[in-house]
Asks: 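Structure incoming, see below.
Every chain is numbered from 1 and lettered A, B, ... according to where its sequence line falls, protein lines coming before strand lines. Bear in mind the structure is a predicted one, so any value in this text is a computation, not a measurement.
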2 protein chains.
Amino acid sequence: MTAETETAAYPVTPRNRVKRMHERGSYDRAAVHAILDAAMLCHVAYVIDGQPYATPTLFWRRGDTLYWHGSSASRMLRHLKAGTPACLTVAHLDGLVLARSGFNHSANYRSAMCFGTARLVEDADEKITAMRDVVDRFYPERSALLRPITPQEAKATTIIAMVIDDAAAKVRAKGVGDDEEDFALPIWAGVIPVTTVLGEVQTCHRLVDGVGRPETLSLFPEGGRLDAALLEGQRIYEEA
Amino acid sequence: MTAETETAAYPVTPRNRVKRMHERGSYDRAAVHAILDAAMLCHVAYVIDGQPYATPTLFWRRGDTLYWHGSSASRMLRHLKAGTPACLTVAHLDGLVLARSGFNHSANYRSAMCFGTARLVEDADEKITAMRDVVDRFYPERSALLRPITPQEAKATTIIAMVIDDAAAKVRAKGVGDDEEDFALPIWAGVIPVTTVLGEVQTCHRLVDGVGRPETLSLFPEGGRLDAALLEGQRIYEEA
């Protein structure tokens, strides 16, 4: 294995090893990133006083570091300077799979689970960069057009960062997987595709006269796929 | 407080109290159920050997009990007869909110976090009922049309159940929330709606000649919203 192929995949550990339907799993870095980058919403799992929480939140990726807004875990993290184990998961539902047996009913999906140690972003420069990035990663170059961040806003914002130590992608993207002998049964089977799409932009009704639409909105055409828009946004963000 | 209003809301505890943006929160049972019932995909948080996991999975609700497929946690639960604390979360992304400051950028969403003790379903009758329900809850009356469940399939299936002890809903559903003085700035602001929709049904290419589409597919019209279809499916499931 060359150095290049080593960096192309995350290490396989007891926590990220795909146990069920392992033929759907991958530890490939690019496969994991493609699933993450097509999403804005993730779920982060933490443990606070023995209780697990799955918290939905907006997130973004910069290299192998994931960032998200603090909320429930920030109070805990303020006391845990060494950080705390976390798991950040993204899942896209792509289709409903109706088979000839209940057992083979399924769904098409793309999911990525990322493991690491969550830490509070406390460095002032890293925090300001993150507060700009949370805008620019989704809406290219938008932060430069906005009213500047105030010190009070920086103080009121909690941002959490996690380097991905290991991760796994899991994908099902195919038709009905019935048992061979069941295909002969007179039962309807098929797939209902599911996509998440963008609607017609609703301009704020208090917009100052003469303000035009920013170019960034061309990333989000009405009827377009959200995942495609977000992937393209990440590409621009990485090149900036 | 009368008995009736007591059952209309979940108790508020340290783990489900909405801390950030608490004006968006609700402990109303119907509000929580409406968010759960509009979804097929959830994320369950568990702790295994101190490591938190956010596992995406299909789930459904029967009264105040949530059911989902086992996978990663089933091995742990087989050894924990008393069950283990878990958190099952659903989140719908409904819109991207572009404000005049970075701080007021946001998203419209509906989320529900449910807390309780996850247990393995081991009773044979409860398990067979659950294996039928996972089909019928999404595709009304479909299980009766399918090839019956085999004993091997029942053995290979792990189902987890959790009574909701407490829960919270959190919803943002509005336009741009800029600071009052920022509305006068010459900066574009608005909302990009996001919906998850159904595509054209892809019939299995190995369908036996003469097999028509089942009536259940009328719940899933091309271009229709997935959340609306799932809500209607839950209504039918509860009446059956």
Asks: After noting the C-alpha distance and the side-chain angles of A/Leu198 and B/Val194, does the key distance pass the side chain to side chain contact (heavy atoms under 4.5 Å, CB included) rule?
Replies: CA-CA 5 Å; A/Leu198 306 159; B/Val194 171; 4.3 Å; yes

Asks: Name all residues meeting the side-chain contact (heavy atoms from CB on, under 4.5 Å) criterion together with B/Thr195; count only those two or more places apart in sequence or in a different chain, and write none if there are none.
Replies: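 Applying side-chain contact (heavy atoms from CB on, under 4.5 Å) to B/Thr195 gives A/Val197, B/Val197, B/Arg225.
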
Asks: Please output the residues of residues 135-144 of chain B in contact with chain A, using a heavy-atom cutoff of under 4.5 Å, in numerical order.
Replies: B/Val135, B/Tyr139, B/Arg142

Asks: Heavy-atom pairs under 4.5 Å with chain B are the metric here; pick the option from A/Ala107, A/Pro186, A/Pro148, A/Gly175 that has the most.
Replies: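 Looking at each of A/Ala107, A/Pro186, A/Pro148, A/Gly175 in turn, A/Pro186 comes out on top.
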
Asks: Out of B/Gly210, B/Gly190, B/Gly199, return the one with the most heavy atom pairs under 4.5 angstrom to chain A.
Replies: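 Between B/Gly210, B/Gly190, B/Gly199, the count favours B/Gly199.
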
Asks: Counting only non-hydrogen atoms closer than 4.5 Å, does A/Glu222 touch chain B with its backbone (N, CA, C, O), its side chain (CB onward), both, or neither?
Replies: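 No part of A/Glu222 comes within 4.5 Å of chain B.
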
Asks: Can you pull out every side-chain hydrogen bond (donor to acceptor under 3.5 Å, both in side chains) where at least one residue sits in residues 202-217 of chain B? Sequence neighbours excluded, please.
Replies: A/Glu180-B/Arg206

Asks: For the interface with chain A, which of B/Val44, B/Leu185, B/Leu207 has the highest count of heavy-atom pairs at distances below 4.5 Å?
Replies: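 Answer, by heavy-atom pair count under 4.5 Å with chain A: B/Leu207.
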
Asks: Taking every non-hydrogen pair under 4.5 Å, which of A/Val90, A/Asp182, A/Leu145 racks up the most with chain B?
Replies: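 Max contact count across the listed options: A/Asp182.
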
Asks: What part of A/Phe115 lies closer than 4.5 angstrom to a heavy atom of chain B: side chain, backbone, both or neither?
Replies: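 Only the side chain of A/Phe115 comes within 4.5 Å of chain B.
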
Asks: Top residue by heavy-atom pair count (under 4.5 Å) with chain A, among B/Leu58, B/Asp49, B/Thr84, B/Leu217?
Replies: B/Leu217

Asks: Nearest 0.5 angstrom please: B/Phe103 CZ to A/Gln152 CD, how far?
Replies: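 Rounded to the nearest 0.5 Å, the CZ-CD separation comes out at 10.0 Å.
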
Asks: Just verifying a value: how many Å separate B/Leu146 CG and A/Asn104 CG, rounded to the nearest 0.5 Å?
Replies: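 Answer for the CG-CG pair, B/Leu146 versus A/Asn104, is 10.0 Å.
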
Asks: For A/Val208 and B/Phe183, work out which heavy atoms get closest and say how close.
Replies: CG2-O, 3.6 Å

Asks: At their closest point, which heavy atom of B/Ile187 faces which heavy atom of A/Arg147, and how far apart are they?
Replies: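 It is CD1-N, 3.6 Å.
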
Asks: Of the listed residues (B/Ile149, B/Leu93, B/Leu96), which shares the most heavy-atom pairs with chain A below a 4.5 Å separation?
Replies: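 Between B/Ile149, B/Leu93, B/Leu96, the count favours B/Leu96.
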
Asks: For a quick test of reading the model, state the closest non-hydrogen atom pair linking A/Trp188 to B/Val211 and the distance between them.
Replies: N-CG1, 3.4 Å

Asks: Counting C-beta onward and ignoring hydrogens, is there a side-chain heavy-atom pair between B/Val134 and A/His105 closer than 4.5 Å?
Replies: no

Asks: Using a cut-off of under 4.5 Å for heavy-atom pairs, which of B/Leu41, B/Val201, B/Thr157, B/Leu98 has the most such pairs with chain A?
Replies: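 Most heavy-atom pairs under 4.5 Å with chain A: B/Leu98.
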
Asks: Other residues, nucleotides and ligands only: do more than 12 of their heavy atoms fall within 6.0 Å of CZ on A/Arg172?
Replies: yes

Asks: What is the minimum heavy-atom distance between A/Ala86 and B/Pro52, and which atoms define it?
Replies: CA-CG, 3.9 Å

Asks: Find the distance between OG1 (B/Thr13) and CD (A/Gln51) and round it off to the nearest 0.5 Å.
Replies: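 The OG1 atom of B/Thr13 sits 8.0 Å away from the CD atom of A/Gln51.
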
Asks: Would you indicate whether B/Glu200, at its atom CD, is surrounded by more than 12 heavy atoms from other residues, nucleotides or ligands within a distance under 6.0 Å?
Replies: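 Result for CD/B/Glu200: open.
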
Asks: Assess whether atom CZ of A/Arg132 is packed by more than 12 heavy atoms of other residues, nucleotides or ligands within 6.0 Å.
Replies: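 Incorrect, the count does not exceed 12.
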
Asks: Nearest heavy-atom pair of B/Gly50 and A/Val47: which atoms, and what distance?
Replies: O-CG2, 4.3 Å

Asks: Which heavy atom of A/Val176 sits nearest a heavy atom of B/Cys204, and at what distance?
Replies: CG2-CB, 4.1 Å

Asks: Please determine, among B/Pro14, B/Pro193, B/Ala154, the option with the most heavy-atom pairs under 4.5 Å with chain A.
Replies: B/Pro193

Asks: To the nearest 0.5 Å, what is the distance between OG (B/Ser111) and NE2 (A/His43)?
Replies: 7.5 Å

Asks: Quick one: what part of B/Ala99 sits under 4.5 Å from any heavy atom of chain A, side chain, backbone, both or neither?
Replies: backbone

Asks: Show every salt bridge (charged side-chain N to carboxylate O under 4.0 Å, His left out) that has at least one partner inside residues 82-106 of chain B, sequence neighbours left out.
Replies: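 Qualifying pairs, neighbours excluded: B/Asp94-B/Arg110, B/Arg100-B/Asp178.
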
Asks: Before giving the answer on side chain to side chain contact (heavy atoms under 4.5 Å, CB included), spell out for B/Leu226 and A/Ile192 the whole-Å C-alpha distance, their side-chain angles and the decisive distance to 0.1 Å.
Replies: CA-CA 10 Å; B/Leu226 175 65; A/Ile192 306 172; over 6 Å; no

Asks: Atom OH in B/Tyr53, atom OG1 in A/Thr89: separation rounded to 0.5 Å?
Replies: 11.0 Å

